[in-house]
Amino acid sequence: MKPKQAANSAAYEAILRAGPRLNQLQQAHAHLIVTGHGHTRSLLTKLITFACSAKALAYAHLIFLSVPLPDDFLFNTVIKSTSKSRFPLDCLAYYRRMLSSSDVSPSNYTFTSVIKSCADLSAVGVGKGVHCHAVVTGFGFDSYVQAALVAFYAKCGDVGVARKVFDEMPVKSVVAWNSLVSGLEQNGLGEEAIRVFYQMRDSGLEPDSATFVSVLAACAQTGGIGLGSWVHRYIVDKGFEMNVKLGTALVNLYSRCGDVGKARGVFDEMEETNVAAWTAMISAYGTHGCGKQAVDLFNKMEDEGGPVPNDVTFVAVLSACAHGGLVEEGRSVYKRMSKRYGLVPRVEHHVCMVDMLGRAGFLDEAYRFIHQLDATGKASSPALWTAMLGACKMHRSYDLGVEIAKRLIALEPENPGHHVMLSNIYALSGKTDEVSHVRDRMIKNNLRKQVGYSVIEVEKKTYLFSMGDESHPETREIYRYLETLMSRCKEIGYAPVSEEVMHQVEEEEKEYALRYHSEKLAVAFGLLKTVDVAITVVKNLRICEDCHSAFKYISIVSNRQIIVRDKLRFHHFQNGSCSCLDYW
DNA sequence: GTAGGGTTAG
């Protein structure tokens, strides 16, 4: 071996030894310069790769500038490293620089990384431009580029185009399928994601762990415990490696399908955990109303050297405190967030605090909390006032509620929720004239309430019900059964919550003689079709007061446990009471 | 000679 190559290889070894650690890299760099390799492109390229991994972007850029004539390989390296290390803006900057350099041109390697960065930025316009460029330069049908494009369009919310790119792929890789499944799931189209998963299997491809992570997320979204637990068994039976993401997806699955105990079982069996896994489990307790367990687990994570909590963890703990009425714990956790972990509370955390104080009846303190934020220059978000408004309604503080609702309507006139709240508060305080005003204005401005629906799974099939639904083939039996159930409930004390209050703004529904909410239909159907087991219903909106009261009685007369997941949390009805203790 | 796409928690 020639002396120069030997030195070169020794230098290369030194860089490898340094790894992605800034200090060591700088030492290796100094050594390169001293030994006369300060301008050797291959060595500098390796150095830059590690510098990017060490998140030392400025340093990486400095080295980049010292390379006399960057070649395609170097450009692709920095573009890939920046997109992988989540520096999407820097990635785009290098891409621009590459385009303006005369001796280099982008390839399929370049496009995959650049498109990923556009996806991370949700930069629709830029991404479409890159897509065009890829097509023009002949890389539009590269299978890697196309897989990245599917993910890009899905992440930008354009599922239609994602689908189109996917459909046009001559060869559909497992990764391309995964991109589509996850893209659909992330856009809230869980059912469709599951259909695509079945198509993937039919096409003869073997799903991998990424497929399962997305499918489990889709099952968690739709409440599809049948497929979800099948996937769980499949993973175990096939000896799939149970990685931390799969484990977390399973914790989330069981939690969101109503079985917090099974979620904990999976969590305890996980060999490796990280902050996401702990957060998922804390959040599981929180949404099931087990505030104490959520806080205990958080404390355990702190005391027993678990992973360092992040801002997402704090949302989970604080919302658990809010739903569990744990005000003291919540205050202490909120303080620790910045004091011990140096995290700056964001709007989400502020909302949790207002929610927690407001629910617990500390309206003044909640109000002061918002004003303090205002005073410190943090523009108060509508979400804060919405939380405050909920508290006003809950604690019958009507004057303040009206004031806040009006303010919210001024801020977000298109949001039907604010109008509904205003109307409900007027109704509760007996101001019928005002109720009609609000209702008229909603009709005039064509503001509609969100359509509520409930889903229940029976023997691995899912059934969807909407208000006053009569589309189900067994509609008559369901309604008849519901009638008998309700009259038995009335015998033991159930009194329907005043129609006046509940349905003030629901104009067209008054035409129905029977206008059972979707969750009642789903519960009746579940009780009718199963024997002796708990039934689980998933609703897209919050459960209403009347259904909440009815289910307590139904749990007695049917002698069953009824689990309802609403938009925010779980309700476990059993023997006449609910796990939320009417605090939701 | 060196390199590639997707996937988790509120």
Side-chain angles (χ1 to χ4, degrees), chain A residues 5 8-9 12 15-16 41-46 48-49 71-81 83-84 107-117 119-120 139 142-152 154-155 162 166 169 172-183 185-186 193 207-218 220 243-253 255-256 263 267 270 272-284 286-287 294 307 309-320 322-323 346-349 351-352 568-569:
Chain A
Q5 271 181 334
N8 195 332
S9 135
Y12 192 76
I15 298 171
L16 285 186
R41 199 161 54 200
S42 60
L43 294 176
L44 293 177
T45 301
K46 193 69 199 168
I48 290 171
T49 313
D71 59 354
D72 299 66
F73 185 81
L74 177 52
F75 268 109
N76 286 338
T77 298
V78 287
I79 285 173
K80 186 196 69 187
S81 309
S83 82
K84 279 198 105 170
S107 67
N108 46 352
Y109 293 88
T110 324
F111 289 121
T112 47
S113 298
V114 175
I115 291 164
K116 176 178 158 47
S117 288
D120 288 342
F139 296 106
D142 178 276
S143 113
Y144 289 92
V145 173
Q146 284 181 315
L149 283 168
V150 172
F152 161 72
K155 278 190 185 155
F166 178 81
M169 288 183 74
K172 296 168 170 56
S173 62
V174 171
V175 175
W177 282 98
N178 290 351
S179 297
L180 187 59
V181 174
S182 116
E185 185 273 314
Q186 288 182 342
D208 64 8
S209 73
T211 322
F212 288 132
V213 167
S214 295
V215 171
L216 288 170
N243 63 35
V244 61
K245 286 181 183 176
L246 266 175
T248 305
L250 284 167
V251 169
N252 188 42
L253 169 82
S255 160
R256 302 247 290 152
F267 178 75
M270 285 174 72
E272 182 201 347
T273 57
N274 62 11
V275 63
W278 284 75
T279 303
M281 195 59 231
I282 291 170
S283 160
T287 52
N310 62 19
D311 55 338
V312 185
T313 317
F314 279 99
V315 175
V317 187
L318 291 172
S319 84
H323 286 278
R346 289 183 293 118
V347 180
E348 292 91 325
H349 305 101
V351 170
C352 287
L568 281 186
R569 61 170 298 160

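Reminder, nothing fancy here: chain letters follow the sequence lines and each chain counts from 1.
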Counting side-chain heavy atoms from CB outward, which of [options] is closest to [X]?
X         : options                 : result
Val315(A) : dG10(B), dT8(B), dG6(B) : dG10(B)
Asn178(A) : dG1(B), dG6(B), dG5(B)  : dG6(B)
Ser283(A) : dG10(B), dA3(B), dT7(B) : dG10(B)
Gln186(A) : dT7(B), dG5(B), dT8(B)  : dT8(B)
Ser214(A) : dA3(B), dT7(B), dG1(B)  : dT7(B)
Ala147(A) : dG1(B), dG5(B), dA9(B)  : dG5(B)
Arg346(A) : dT7(B), dG10(B), dG4(B) : dG10(B)
Val312(A) : dG4(B), dG10(B), dG6(B) : dG10(B)
Ala210(A) : dG1(B), dG4(B), dG6(B)  : dG6(B)
Asn76(A)  : dA3(B), dT7(B), dA9(B)  : dA3(B)

Considering only heavy atoms and no angle criterion, is a donor-acceptor pair shorter than 3.5 Å present between the side chain of [X] and the base of [N]?
X         : N       : value
Asn274(A) : dA9(B)  : no
Ser143(A) : dG5(B)  : yes
Thr287(A) : dG10(B) : no

Name the nucleic acid region contacted by [X], choosing base, sugar-phosphate or nothing; use a 4.0 angstrom heavy-atom cut-off, strictly under.
X         : result
Asn243(A) : nothing
Thr49(A)  : nothing
Asp208(A) : base
Val251(A) : nothing
Glu185(A) : nothing

Rounded to whole angstroms, how far apart are [atom1] on [X] and [atom2] on [N]?
X         : N       : atom1 : atom2 : value
Asp71(A)  : dG1(B)  : CG    : P     : 15 Å
Leu253(A) : dA9(B)  : CG    : C1'   : 14 Å
Ile79(A)  : dG5(B)  : CD1   : P     : 13 Å
Leu246(A) : dG6(B)  : CG    : C1'   : 14 Å
Asp72(A)  : dG4(B)  : CG    : P     : 16 Å
Leu250(A) : dA9(B)  : CG    : P     : 13 Å
Leu318(A) : dG10(B) : CG    : C1'   : 11 Å
Asp120(A) : dT8(B)  : CG    : P     : 11 Å

Below 4.0 angstrom from OP1 or OP2 of [N], is there any side-chain N or O of [X]?
X         : N      : value
Lys80(A)  : dG4(B) : yes
Lys155(A) : dG5(B) : no
Lys46(A)  : dT2(B) : no

*Is Phe73(A) stacked on the base of dA3(B), with ring centres under 5.5 Å apart and planes under 30° apart?*
no

Are the side chains of [Y] and [X] in contact, using a 4.5 Å heavy-atom criterion?
X         : Y         : answer
Lys80(A)  : Tyr109(A) : no
Met270(A) : Val244(A) : yes
Tyr144(A) : Asn108(A) : no
Asp72(A)  : Ser107(A) : no
Arg41(A)  : Thr45(A)  : yes

*asked:* Less than 3.5 Å apart, any donor N or O on the side chain of Thr211(A) or Asp208(A) sitting next to an acceptor on the other?
replied: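 Yes, a side-chain donor-acceptor pair sits under 3.5 Å.
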
Which donor-acceptor pairs under 3.5 Å do the side chains of residues 273-280 of chain A make with protein atoms, sequence neighbours left out?
{"from": "Thr273(A)", "atom 1": "OG1", "to": "Trp278(A)", "atom 2": "NE1", "distance (Å)": "3.1"}
{"from": "Asn274(A)", "atom 1": "OD1", "to": "Ala276(A)", "atom 2": "N", "distance (Å)": "3.0"}
{"from": "Asn274(A)", "atom 1": "OD1", "to": "Ala277(A)", "atom 2": "N", "distance (Å)": "3.0"}
{"from": "Thr279(A)", "atom 1": "OG1", "to": "Val275(A)", "atom 2": "O", "distance (Å)": "2.6"}
{"from": "Thr279(A)", "atom 1": "OG1", "to": "Thr313(A)", "atom 2": "OG1", "distance (Å)": "3.0"}

